[in-house]
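In each ligand, atom 1 is the first atom listed, and ligand 1 is the first ligand listed.
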Amino acid sequence: MNDRYLMFIDGQWRPAASGRFFDSIDPWTQQPWAQVAEGDSEDVATAVNAARWALEETPWTRRPHERAKLLRRLADLIDDNAERLAAVESRDNGKTIREERAMYGAVGGYFRHAASLAETIADESPRGLNPDVVALTRRVPFGVIGIQTPWNTPGVIMAQSAGPALAAGNTIVVKPSEQAPCSTLEIAKLAHQAGFPPGVFNVVTGFGPTVGAALCTNAGVDKLVFTGSPEGGRIVAAHAAQRLVPVTMELGGKAANVVFADADIAKAAQAVAQGFTAAGGQSCQCGSRALIEASVYEEVLHRVVEYVTKLTFGDPSDPATDVGPMCNGAQLQRVEKYVAIGREQGGRVLCGGGPPAGVDHPLFYAPTIFTGVTSDMTICQEEIFGPVLAAMPFETEADAIRIANDTRFGLSAAVWSRDLNRAHRVARSLRAGVVWVNNYRRGDPAFPMGGMGESGYGRVSGTEGYREMTQAQSIQMLLDEVAP
Ligand code: NAD
């Protein structure tokens, strides 16, 4: 154990009101590596009060250029400290240092892009029916926004909503997952260093049913942003409905890579392989289904198997490691359960189906490919959140679209084809919030991120993400001294 983290509330580092701490477990060593303050509803109340005070008693909401300056400073500090942030997050959730470095190469960009929105998004002046009315439509902040994040990508996920929320003049209380809270506290340190005023950026750590629930039910929170599982989303949406506050929901996915025969097969196969093995499949954008045109089905699968069987498993802190351990035992059991269901329902395991050979560690699972499956099977319908791929051949474009859309989810998808007419036709027929064409799992702070169907509602990131953190206020001025 080498680190102890307090919470960041009202510009100060504080222990929990209860004085309790919980352990953050390193999935590789399976030992506690940090102690984190275990907050409860009292700490949430303190943080929300501080956030309200900053909102109502300081000029924060009226200083977009000051906000932009602070967001840029934070972005620069994140860039400068990317290596430490990556190392901390990797210890917390077991993702490889290579993946974490790539993530933290991007996090600063979300805050930087948000800064540009703070400076440039203009009010509108719509022309109404009465020419003597001068009207202004302003985008005003909601107030205090409660942001809850999952363990798999805490830094990026927080930046995608916290950046636009702060840019728009809200104040925030962030509750990271108890499975991986430390990188968010490290970012709070940098926000403090950047000079964010007390109360603007707060982090309360602790467990979902206590801290998460308290954030949802606290009357001082004006809007919620939840990123996590559909199960968690239902609980949070119910709280939001009780309080009649808006909520942005970023939930799970069941993404399909749709590969046509005219695609660059080598690139498509590599993307399919990376799509379900990156982060050990513990990604909302995990490409857990591959729909492959029948004429190239065998060839693509052959290449995917070749790719995944060459992956290196091991210590996530080693830059040579391709795949680290699952985040915890519950995650591993979830994967085992779905693989067993896949077998029971008649799926054939082409590769994987258990721990990888030669790895002496209880939290590893080998990339597993199912063939002989149909779209109605459980493994094609439910989010596994592990390195499991269901491969299905298709004959026609219409079949590909039908199968791709045949889930309750709609977060992301990809189309692989050299025919851009077809690629566009298929892309716009897919029910997914993000569709990549001839690339996969690329993030960009300029683009909106979010889901359709049970993948959620509302958007984070980009201009859409900024609008999501604001509400319209219409000011209508009737001129009474109008010349004839
Ligand atoms: P989770 O739902 O278990 O937890 C998410 C957050 O909710 C955590 O902070 C947790 O503490 C909190 N929480 C848990 N129970 C709660 C309760 N009763 N009341 C209030 N809050 C509660 O999700 P997870 O396991 O951390 O993350 C994995 C899920 O997140 C997957 O489904 C994945 O697809 C999804 N995800 C979605 C996106 C996206 O952008 N759409 C991104 C990353 C992850």
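Salt bridge Glu464/Arg459: absent, no basic N to carboxylate O contact under 4.0 Å. For the pair Arg101 and Glu89, the salt-bridge criterion is not met [side-chain N within less than 4.0 Å of a carboxylate O].
Remark: minimum distance from atom 39 (C) of ligand 1 to any protein heavy atom is reached at Cys284 SG, 3.5 Å. Considering only non-hydrogen protein atoms, atom 43 (C) of ligand 1 sits nearest to Asn152 OD1, 3.4 Å. Protein heavy atom at the shortest distance from atom 5 (C) of ligand 1 is Thr227 O, 3.6 Å. Ranking the protein heavy atoms by distance from atom 25 (O) of ligand 1 puts Trp151 NE1, 3.0 Å first. If you check which protein heavy atom lies closest to atom 7 (O) of ligand 1, you get Phe226 CE1, 3.1 Å.
For ligand 1, the atoms sitting less than 4.0 Å from at least one non-hydrogen atom of Ala213 are 19 (N), 20 (C), numbered in the order shown with element in parentheses. Listed by number with element, the atoms of ligand 1 under 4.0 Å from a non-hydrogen atom of Lys175 are 9 (O), 10 (C), 11 (O).
Here Glu100 pairs with nothing under the salt bridge (charged side-chain N to carboxylate O under 4.0 Å, His left out) rule; sequence neighbours left out. Under the side chain to side chain contact (heavy atoms under 4.5 Å, CB included) criterion, Thr321 pairs with Thr96, Asp318, not counting sequence neighbours.
Geometrically, Arg4 engages Phe21 in a cation-pi contact, judged by NZ or CZ lying under 6.0 Å from the ring centre and within 45° of the ring axis.
In this structure, the side chain of Lys254 engages the main chain of Ile379 through a donor-acceptor pair within 3.5 Å.
Within the structure, the closest approach of Gln160 to ligand 1 does not fall below 4.0 Å when heavy atoms are considered. Within the 4.0 Å heavy-atom cutoff, Ile235 counts among the residues contacting ligand 1.
When Gly208, Cys216, Ser283, Ser455 are checked for heavy-atom proximity to atom 22 (C) of ligand 1, Gly208 turns out nearest. Among Gly228, Gly232, Ser412, Ala330, the residue whose heavy atom lies closest to atom 35 (C) of ligand 1 is Gly228.
Centroid-to-centroid, the aromatic rings of Phe385 and Trp151 come within less than 6.0 Å.
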